[in-house]
Protein chains: 2
Amino acid sequence: METLSKTFWIFDVNQPMPATLKDIAQKVGKSVTTVSRALHDYDDVSPETKALVRQAASELGYIPNILAQRLQKQRTDTLGFILPTFGPRFSDPFFSEFLAGIGNKATELGYDILVATRPPGEEELQAYRDIVQSYRVDGFIIVRTRRKDCRIQYLLETGFPFVAFGRTENAGPYPYVDEDGEYGMRLVVRHLARLGHRRIAFIGAPEDLMFAHCRKAGYLQGMEEAGLPIEASLITTGDLTQRGGYEKALQLLDTSPPPTAIAASNDLMALGAINAAQSRGLEVGRDIAITGFDNIPLAETSHPPLTTVHQPIYQIGHMACEMLVGIITGAQPHPESILLKPSLIVRQSCGVRVAA
Amino acid sequence: METLSKTFWIFDVNQPMPATLKDIAQKVGKSVTTVSRALHDYDDVSPETKALVRQAASELGYIPNILAQRLQKQRTDTLGFILPTFGPRFSDPFFSEFLAGIGNKATELGYDILVATRPPGEEELQAYRDIVQSYRVDGFIIVRTRRKDCRIQYLLETGFPFVAFGRTENAGPYPYVDEDGEYGMRLVVRHLARLGHRRIAFIGAPEDLMFAHCRKAGYLQGMEEAGLPIEASLITTGDLTQRGGYEKALQLLDTSPPPTAIAASNDLMALGAINAAQSRGLEVGRDIAITGFDNIPLAETSHPPLTTVHQPIYQIGHMACEMLVGIITGAQPHPESILLKPSLIVRQSCGVRVAA
DNA sequence: ATTGTAGACCAAAACGTTTTGGATGTCAAC
DNA sequence: GTTGACATCCAAAACGTTTTGGTCTACAAT
């Protein structure tokens with residue numbers, strides 16, 4: 001570790017003193033009130049004055065002081081986003097894309113974002129309480145909902161605005177955006193069944209996660225629809241990581257007879273499963289079919305490319321953000337929740353027809 | 001897409017009207033000034049009064065109004081973070097971890113974060129200008145510095161506080177945190193050379209990126225140190241994605257004689273290279289050595305696990321954030337820049353000794 | 001002449017904090 | 001009994017906006 005011996009940068013801001021409403025008022029010889037109202041296009045200001053004021057404002061390079069506006073309106077123009085995760089080294093391909101979605105929309109709408117990560121549990125809930133009580137944000141975006149979700153309960157109780165990405169089981173109606181994971185997983189199973197697979201294994205995820213629960217329900221339904229028996233030995237639960245998928249897939253490959261297809265609850269585990277199959281000398285897409293869920297960028301470039309279910313995570317971020325701002329500003333106090341129907345992305349990892 | 005027929009959630013905030021300094025002042029029969037100063041532990045307030053005020057404050061559940069504080073201090077308590085990226089579907093494993101690093105530190109220090117993404121170029125710079133001029137943030141965190149970096153130039157010119165993750169070539173000294181990529185890549189090449197490799201190929205990245213430039217320089221130096229000839233045909237440039245690494249690796253494998261080792265500029269490309277080698281029937285770690293750089297979470301669970309150079313991205317985020325806040329608050333107006341010495345993580349993808 | 005109305009404007013309050021520049025009282029030193 | 005030092009306190013200004021609750025003028029209707 002090296003340190004500079006001498007440093008020279010200077011952080012004296014070189015910008016001109018910003019103009020205020022008062023400056024404009026002085027310049028045009030009107031009151032601050034009139035100037036403010038002129039700039040907001042109120043109709044108790046004469047057209048001439050408006051023109052005058054606008055002219056002066058642009059000459060002085062007037063930019064409203066956001067802090068004063070916020071104090072006056074008692075709004076922070078900030079949205080809270082707490083990612084539930086254990087430790088810093090989480091590998092959630094969602095995060096970047098989803099946050100980019102809400103971030104860009106938020107910037108567009110003039111909002112900031114308060115980002116934090118907390119492990120699910122008491123510490124997490126306390127973070128919500130702290131932020132709510134200190135009025136740091138105008139609303140929250142909740143991700144990775146759980147079947148019993150104390151965050152949603154808390155926010156509903158306090159009446160604090162939020163939008164969730166995902167549904168939950170233990171709370172009345174609330175605004176959310178979600179993708180129909182049950183339907184998506186049914187698409188997967190149906191596709192595999194049509195290709196001739198009968199022993200379709202499933203790598204699920206901890207079922208307190210709402211989406212994991214839905215996807216598993218989809219698997220079960222899909223199997224039933226296809227008239228296939230459900231075997232406990234073909235159903236496992238992973239931890240959503242690539243390593244977890246690897247391990248669970250090895251386990252599944254050891255059952256006899258082994259499954260001819262593995263449907264994973266997410267892409268990361270599917271990628272691990274592909275590695276597992278390959279390490280057993282199987283050719284994925286020929287000897288075994290493996291599918292994922294999410295359609296993360298890596299899915300397209302894996303080898304073989306992964307058959308999966310698309311989840312438009314960036315757009316979901318956009319929608320959630322827009323919905324939340326609608327609630328906060330009162331434009332859409334009770335927006336309609338959105339449930340997206342996903343589509344199947346067929347790539348090579350599921351192969352073609354199985355030799356019966 | 002389904003819509004709810006009826007919605008019931010209510011966003012009337014259920015919280016008690018928050019107490020203000022005035023309320024406390026009334027309760028204890030002192031002035032607002034004294035209350036404020038008591039809570040800030042000024043020494044022109046008697047211990048008795050302080051106790052009284054603190055008691056009352058906690059009884060009333062006083063929480064300072066952050067907006068009023070910000071207006072008064074003329075500070076936003078917000079840090080700007082604009083990720084340079086093309087399109088929403090970027091797959092930057094850094095992003096999540098780095099942002100978690102700055103996010104958690106920022107929350108700890110009472111700061112919010114304004115997040116956005118912009119493609120590098122004019123639009124990006126305009127975003128910086130807009131945000132600076134509207135006083136939306138107190139400082140910026142810059143990532144993925146470029147050899148000629150207009151963001152850094154602009155911020156230095158205007159004297160606006162920032163900290164960069166990465167160095168640049170076209171600006172005087174400024175505060176940064178960086179990892180010595182040159183050194184890291186030298187470690188890689190040295191290690192490969194010691195294992196007996198002589199034809200070590202390199203997959204670089206666009207050289208306008210400062211880190212890419214450094215890593216390539218490290219490769220060249222490492223080769224020279226090892227007394228190995230540098231062959232133009234063994235040096236390529238990828239786009240940092242897995243797919244890019246895949247394609248470039250295929251290309252490299254087609255040279256004759258082919259390289260016995262491929263050092264990629266980042267892990268994602270290395271993972272692609274592993275796929276490429278495998279698609280040619282090579283066993284990575286035996287028939288060919290492949291190394292990455294970054295030590296992203298995926299590197300550990302790939303097959304084979306990836307030899308790479310560790311970059312403590314979360315901690316770098318932490319440091320950058322802390323440094324920036326130091327600059328903003330004036331506690332550390334001229335912090336020492338930090339250059340971290342990386343360490344090599346040897347896993348199976350580089351194999352052991354090469355059969356000469 | 002009075003009343004009403006509409007158009008144009010604005011002083012002051014409000015948002016809740018921090019800081020400035022004293023004021024007041026007490027006690028010791030001279 | 002004056003002076004200075006110290007401890008304690010506070011009114012008012014400041015931050016820059018938006019909103020409230022008007023006023024004033026001109027002109028038309030009565």
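Below, chain A is the first sequence line, B the second, and so on; all start at residue 1.
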Quiz item: OP1 or OP2 of D:dC15 less than 4.0 angstrom from a side-chain nitrogen or oxygen of A:Thr20, does that happen here?
Solution: no
Item to check | Side-chain N,O (B:Gln69) to OP1/OP2 (D:dC15) below 4.0 Å | outcome: no
Separation of C:dC9 atom C1' from A:Leu52 atom CG, nearest Å, is 14 Å
From the candidates D:dT17, C:dG16, C:dA11, the one with an atom nearest any side-chain atom of B:Ala68 is C:dG16
A:Asp23 CG to D:dG16 C1', in whole Å, measures 10 Å
A:Lys30 atom NZ is separated from D:dC24 atom P, nearest whole Å, by 17 Å
From the candidates D:dC10, C:dT18, C:dC10, the one with an atom nearest any side-chain atom of B:Asp44 is D:dC10
The nucleotide from D:dT17, C:dC9, D:dT18 with an atom nearest the side chain of A:Ser36 is D:dT18
Phosphate-side-chain proximity, B:Thr33 and D:dC10, N/O vs OP1/OP2 below 4.0 Å
no
Check your understanding: In terms of ring plane angle, is the pair A:Phe81 and A:Phe95 parallel, tilted or perpendicular, where the classes change at 30° and 60°?
Key -> parallel
Check your understanding: So, is A:Gln72 near the phosphate of D:dC15, with a side-chain N or O under 4.0 Å from OP1 or OP2?
Key -> no
Notebook entry, point to check: Within the pair B:Thr49 and D:dC9, is there a side-chain N or O less than 4.0 Å away from OP1 or OP2?
Noted result: yes
Checking C:dT19, D:dT17, D:dT8 against the side chain of B:Tyr42 (C-beta onward), the nearest is C:dT19
Quick one: do A:Asp112 and A:Arg70 make a salt bridge, cutoff under 4.0 Å?
yes
- Is there a donor in the side chain of B:Asn104 and an acceptor in the side chain of B:Glu108, or the other way round, less than 3.5 Å apart? no
Taken to the nearest whole Å, CD1/B:Ile24 to P/D:dC10 is 14 Å
**Prompt:** Between B:Phe140 and B:Tyr128, does the ring centre distance come in under 6.0 Å?
**Reply:** yes
Heavy-atom nearest nucleotide on DNA chain D taken for B:Leu71 and for B:Val32; more 5' hit belongs to B:Val32
From CZ of A:Arg70 across to C1' of D:dT17 the rounded distance in Å is 13 Å
Separation of C:dC15 atom P from B:Lys73 atom NZ, nearest Å, is 21 Å
Quick note, B:Asn65 side chain, CB onward, closest among C:dC9, C:dT17, D:dT17 is C:dT17
Do B:Thr78 and B:Asp138 have side chains that approach each other closer than 4.5 Å (heavy atoms only, starting at C-beta)? no
From the candidates C:dT20, D:dT19, C:dC9, the one with an atom nearest any side-chain atom of A:Ser46 is C:dC9
Strictly below 4.0 Å, N to O, side chains only: are B:Glu124 and B:Arg146 in salt-bridge contact? yes
- Could you check whether B:Arg37 gets within reach of a base, just the sugar-phosphate, or nothing at all, counting any heavy atom under 4.0 Å? base
Here the distance between atom P of C:dC15 and atom CD1 of B:Ile66, to the nearest Å, is 19 Å
Whole-Å distance, A:Asp41 CG to D:dT18 P, equals 13 Å
